[in-house]
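Reviewing the structure listed below.
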Amino acid sequence: MAWSTTSNRPVRMATLVALLLTGLGHAQTPRLFESVEAHMGTLMRIQLYAPNAAAARRAFRAAFDRIAVLDAELTDYQDTSELSRLSREAIGRPVRISEDLFRVLEASRQISEETAGAFDITLGPLTHLWRAARKSNRVPEPAAVRAALASCGYQKLHLNRQDRTALLDQPGMQLDAGGIAKGFAADEALAVLERMGVHSALVAASGDLAFSGAPPGTAGWKIGIAAPVGYLVRSNGAVSTSGAAEQHLDAGGMRFSHIIDPRTGLGLTQGLTVTVTARRGIRADAASTAISVLGVERGMAWVERQADLAALVTEGDGRTHASACFKDWIAP
Ligand code: ADP
Ligand code: MG
């Protein structure tokens, strides 16, 4: 045996220890892994730094499983989701709900109050009407819009933190978390990764990004932004973009966005692209939707009052408006 001669022992021991260290050192230098899965009606992409492929696989599985759970709870495309059940069962009586759903409703209410209802999670009757309109390629009848509007309004949704319950004022109400759920799912996926020891990751739920620590040896995650052409270098935060680019209805020379103005019940026609940064995805996602509704002037004024937000708004004709700190972050 190699160890039997005392004279050799220290040398051999040293070699072994060195080999072990290099072996370990090599295995633990985090490498970038990426995985894409379909969830929440879109493709979700996760990038993360892990010591090896097996660790990355475990992390991806846990993060995507968490997203799948949130999708099942929060979707309004399924009657069986907790959100849809709440819309049916909480009329005039408090219904106890999951912590996930409660957090989404609570964050929604906060941003509704801050934006005078520009963001409104109770727009389900309208969003469903416009979804059907996109399918049939026909703008909804004004009477149908008026009827749907009458079943909307964030003040008609009541939350009780102590009992973790929600209550709806009238029948026909329908919640739609489409403007906030993807950002929340990105946050929660990151939280799962963090608990598994993955401290540098980026979760992209189409336009809703959330990310943890900077990639090893860098100043942050490079987030491409539409206009002006450039990127942000950020860590431990979120960036969300809302726009009519993907889902819209073209009719009568107008382009109606899938984002609805709660005052009129109509899809937005301003054609803004709004990028928002925040500490958390749940906030960035809802804020980008809200600013789209508020428009350039009111939207930027609101952002400048929020210490946790920065925004870039691009108008249809290419004019851009950046909030004070957003400007400083743009790298060419
Ligand atoms: P995307 O889903 O393309 O990322 P948003 O985050 O802006 O875009 O969310 C748009 C979705 O939010 C719509 O498809 C609809 O489900 C819902 N929604 C539409 N208008 C509003 C609104 N004013 N407030 C809250 N949610 C809205
Ligand atoms: Mg949004």
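When a residue number appears, it is its place in the shown sequence, counting from 1. In listed order, ligands and their atoms are each counted from 1.
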### Query
Heavy atoms, side chains only, cut-off 4.5 Å: are Ile260 and Thr127 in contact?
yes

### Task
Check ligand 1 against Asp176 and write out every atom of the ligand that is under 4.0 Å from a heavy-atom position of the residue.
15 (C), 16 (O), 17 (C)

#### Entry: Residues Arg164 and Glu106 bridged, charged N to O under 4.0 Å
no

### Task
Only heavy atoms count here, so choose which of Ile180, Thr241, Thr127, Ile260 is nearest to atom 23 (N) of ligand 1.
Ile260

#### Entry: Under-4.0 Å heavy-atom contact with ligand 1, by part of Leu123 that carries it
side chain

#### Entry: Pairwise side-chain contact, Leu294 with Phe119, heavy-atom cut-off 4.5 Å (strictly under)
no

### Query
Where on Asp261 is there a heavy atom closer than 4.0 Å to ligand 1, on the side chain, on the backbone, on both, or on neither?
neither

### Task
Assess the side chains of Thr289 and Ser292: does a donor N or O sit below 3.5 Å from an acceptor N or O?
no

### Message
One residue to check: Ala118. Relative to ligand 1, which of side chain, backbone, both or neither has a non-hydrogen atom less than 4.0 Å away?
### Response
backbone

### Query
Nearest heavy-atom pair of Leu175 and Asp76: which atoms, and what distance?
O-CB, 3.6 Å

### Query
Is the shortest N/O to N/O distance between Ser288 and ligand 1 below 3.5 Å?
no

### Query
Would a line drawn from the ring center of Phe256 to the ring center of His248 be shorter than 6.0 Å?
no

### Message
Tell me which N, O or S atom from Asp285 is the closest to the Mg ion (ligand 2).
### Response
OD1

### Message
Just to be sure I read this right, does ligand 1 sit under 4.0 Å from the backbone of Val293, its side chain, both, or neither, counting only heavy atoms?
### Response
side chain

### Task
Give a yes/no answer: is there an N/O/S atom of Ser240 under 2.8 Å from the Mg ion (ligand 2)?
no

### Message
Same cluster or not: Leu126 versus Met254, using hydrophobic residues (I, L, V, M, F, W, Y) connected whenever any side-chain heavy atoms lie under 4.5 Å apart?
### Response
yes

### Query
Using a heavy-atom cut-off of under 4.0 Å, does the side chain or the backbone of Gln247 touch ligand 1, or both, or neither?
neither

### Task
With atom 10 (C) of ligand 1 as the reference point, say which of His128, Arg131, His258, Arg263 has the nearest heavy atom.
His258

### Query
Which ligand 1 atoms does Ile259 reach within 4.0 Å, using its non-hydrogen atoms?
7 (O), 19 (C), 20 (N)

### Query
Hey, which atoms in ligand 1 end up nearer than 4.0 Å to a heavy atom of Asp208?
4 (O)

### Message
We want to know whether Glu297 and His321 form a side-chain donor-acceptor pair, criterion being a heavy-atom distance below 3.5 angstrom.
### Response
no

### Within 6.0 angstrom of Arg61 CZ, more than 12 heavy atoms from elsewhere
yes

